[in-house]
Amino acid sequence: MEDLTQWPPGPFELSEALVLAAQLVPPGLAVSYGGLAGLLGAGGPRQAGRAMSGAPDGTPWWRIVRADGSLPPSLSVRATPHYREERTPLKGHPGNPTAGPDGGPHLRVDLARARWEPDEAELAVLAALRSGLG
DNA sequence: AGCGTGACGAGTA
DNA sequence: ATACTCGCCACGC
């Protein structure tokens, strides 16, 4: 990580802050839509979802998932290769290895193991984003 | 102003 | 596990 303590912030739109927060999530980890908003102390899950839908290329949208670790079917399929590459802990029924064709539309991230817990530096950035809102 | 829609979440059956 | 409800809230019509 680089200079996380001082991002140039001007006032942020909430949607923009949510995208920046999403970009803090490290590979292999994930956080729920509601969790992301919670870390910013603003907005809610629906706003986080809306922000991800319009997020610029390069944003790791697959690291932001539903509270149960899933994503909408279409997105889940596109997310699968990323999870494989990042070794993201997935939840699978012991008997049913994976789920479906290419990893499956209904696979889920195992948030119990993969949940992102911001470290000190990351928390500082989140605080900066929070204070730079509006 | 209304009203439908959505990359949500929790609860209930 | 599926299929509903509600509550939520920003957007666009």
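The chains referred to below are lettered A, B, ... by the order of the sequence lines, with proteins before strands, and numbering in each begins at 1.
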Worksheet item: What is the nucleic acid contact for A:L75, judged by heavy atoms within less than 4.0 Å: base, sugar-phosphate only, or nothing?
Response: base

Worksheet item: Contact class for A:S74 vs. all strands (heavy atom < 4.0 Å): base, sugar-phosphate, or nothing?
Response: nothing

Worksheet item: What string of B, S and - do you get for nucleotides 6-12 of chain C 5' to 3' if you count protein non-hydrogen atoms under 4.0 Å?
Response: -BBSS--

Answer yes or no: is there a side-chain heavy-atom contact under 4.5 Å between [X] and [Y]?
X: A:L29; Y: A:T88; value: no
X: A:P56; Y: A:V19; value: yes
X: A:P118; Y: A:L126; value: yes

Worksheet item: Quantified in whole Å, what is the P atom distance between nucleotide B:dA7 and nucleotide C:dG7?
Response: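 It works out to 22 Å between them.
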
Discussion item. Suppose the criterion is side chain to side chain donor-acceptor pair (under 3.5 Å): which pairs have a residue in residues 47-64 of chain A, not counting sequence neighbours?
Written reply: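 As it turns out, the side chain to side chain donor-acceptor pair (under 3.5 Å) pairs with a partner in residues 47-64 of chain A, which skip direct neighbours, are A:Q23-A:T59, A:W62-A:E86, A:R63-A:E86.
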
Taking only residues two or more places apart in sequence, or in another chain, which ones meet [X] in a side chain to side chain contact (heavy atoms under 4.5 Å, CB included)?
X: A:R66; result: A:Y33, A:D68, A:S70, A:P72
X: A:R130; result: A:A127
X: A:A67; result: none
X: A:L133; result: A:F12, A:L14, A:A17, A:A42

Discussion item. Just to verify, what does A:R78 make a salt bridge (charged side-chain N to carboxylate O under 4.0 Å, His left out) with, not counting sequence neighbours?
Written reply: none

Worksheet item: Can you give the first and last nucleotides of DNA chain B, 5' to 3', that have an atom under 4.0 Å from a heavy atom of chain A?
Response: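 The footprint of chain A covers B:dG6 to B:dA10.
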
Discussion item. At a heavy-atom distance below 4.0 Å, what parts of residues 57-65 of chain A sit against DNA chain B?
Written reply: A:W61

Item to complete: Rounded to the nearest 0.5 Å, what's the gap from CG on A:L129 to CD on A:E16? Could you check?
Response: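 So the gap between those two atoms works out to 9.0 Å.
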
